[in-house]
Amino acid sequence: MAVPRILIVGGGYVGMYTALRLQRRLHRGEAQITVADNDSYMTYQPFLPEAAAGSIEARHVVVPLRRVLRSCEILSGRVTSVRLADRKAEVKPHEGPDLTLDYDYLVLAPGSVSRLLPIPGLAESGIGFKTVEEAIHLRNHVLGRMDVAASTTDDDIRRRALTFVFVGGGFAGVEALAELEDMAAHASRYFRGIHRDDMRWILVEATDRILPEVGPDMGRWTARQLSERGVEVKMGTLLKSAEGCHIVLDDGDEFDTDTLVWTAGVKPNPIVRAGDLPLDEKGRVRATPFLRIEGTDFAFTGGDAAAVPDLTRPGQLCPPNAQHAVRQARRLAGNLLATLRGRELKPYRHQSAGSVASLGLYKGVAQVYGREVRGYPAWFMHRTYHLTRMPTLNKKSRILADWTLGLFFPREIVSLGAVQNPREEFTLAARM
Ligand SMILES: Cc1cc2nc3c(=O)[nH]c(=O)nc-3n(C[C@H](O)[C@H](O)[C@H](O)COP(=O)(O)OP(=O)(O)OC[C@H]3O[C@@H](n4cnc5c(N)ncnc54)[C@H](O)[C@@H]3O)c2cc1C
């Protein structure tokens, strides 16, 4: 009898943790697992802001799928469609012909993508903050702009280089801005002619609050903290246009910038629309409380791409965050095994424990089980919580070593922006 194939689409939080659990629990020959992901690694996104600030080496926040999922087949490529009716998925490998994969069981976990709005110039001028590549780029870019500003006599170029705009006051935007501002403030000590106050850091948020994840009081406290650090927190403000990197806000402010980071929300990965998956009005895959895709008994889903009922808040859905994703993966793997073995499934239920956020070195904010924590204790909680959640002892140890070295040595202030154009020197030499 053929061994059933479990296809896992997406090797992120839900995909990787599900595969890890299945790999440990499956008996020999019970099923084979294929994980298809565009990347060959899982990204621990909550550490991206610290990676951008250089507190953690960027390679340490990603987990190589081939190393941790030794019993699984790893396919590097973009899944372009998933069909339930004939149990097939189309994959576009990075090179070579497209593949059609048959599966017996499906785990659909492609996560989310940045939700862009039709704002003139946004797609051309902006960058998101969801991937390790974006975090590395932003670190190099911010330090590179400081290099430019310190070396020019042109006031316009200098002003533009030292203006950094973040749109979206959720977790990703606030943490990314706060960590990068903290890094740039530290770096400015080594740039003759650039003082911390010469830089303009702007947070633009459409609603009247930031960091809704930690509650209104802590959101207000965070806004005050950022303002005291010199960050312009513009709440109730919309980005109207960003053409040619000229920013126009609806409060009448207009200026030029080389840095526009868009973190104003996410939407389910659009691949869920390519196929015959049942979707809700926001384009999320409809899931049952057992994490099965509605109308099937062989396909499962979870994470940012799925509409999973939150049984602790009747009538509502689980928010798209890592806290749920990791626990859904555990339940999902358990229910898939139960399906394979003809046992009873259990519903997914998790009461949110709260949220922690880092706002730069030794600064943080948290709301945990209703208790509000701020400053150093919150920052410490953020680091210890995420360190315990980081997959593999190898990565945990490396991150701990990064932090420990950071206590004794100053952060690196070099921009390696040239890695994005590594052949430039060589082609220049060829022309000489
Ligand atoms: C900067 C930042 C900070 C965050 N901080 C926190 C935090 O502090 N606490 C918290 O709870 N949550 C946090 N989150 C949210 C959390 O990271 C997400 O909710 C979680 O990653 C969702 O898990 P997922 O498995 O659904 O998606 P992901 O982890 O994003 O995994 C999706 C996977 O699918 C792959 N994929 C996508 N498209 C395709 C395709 N077409 N073919 C093949 N593979 C594909 C991707 O490469 C990726 O590996 C943060 C997010 C960001 C961006």
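Only a predicted model underlies this, so the values are computations on that prediction, with no experimental measurement involved. Any value given below was found using the heavy atoms of this structure, including those in side chains, with hydrogens, waters and symmetry copies removed. When a ligand or atom number is given, it counts from 1 through the structure's own listing order.
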Identify, with sequence neighbours excluded, every residue that meets ring pair (Phe, Tyr, Trp, His ring centres under 6.0 Å) alongside His386. Tyr44, Phe47, His382

SB check Glu232 Arg200 (cutoff 4.0 Å): yes

Would you check ligand 1 and list the protein residues that come within less than 4.0 Å of it by any heavy atom, ordered by chain and number? Gly10, Gly11, Gly12, Tyr13, Val14, Ala36, Asp37, Asn38, Asp39, Gln45, Pro46, Gly77, Arg78, Val79, Ala109, Pro110, Gly111, Phe129, Lys130, Phe171, Ala172, Asn269, Ile271, Gly303, Asp304, Pro320, Asn321, Ala322, Gln323, Ala325, His386

SB check Arg83 Asp276 (cutoff 4.0 Å): no

Qualifying residues under ring pair (Phe, Tyr, Trp, His ring centres under 6.0 Å), relative to Trp379, sequence neighbours excluded: Tyr362, Tyr376

Taking atom CD as the centre, does Glu95 end up with more than 12 heavy-atom neighbours from other residues, nucleotides or ligands that are less than 6.0 angstrom away? no

Quick one: ring pair (Phe, Tyr, Trp, His ring centres under 6.0 Å) partners of Phe255, sequence neighbours excluded? none

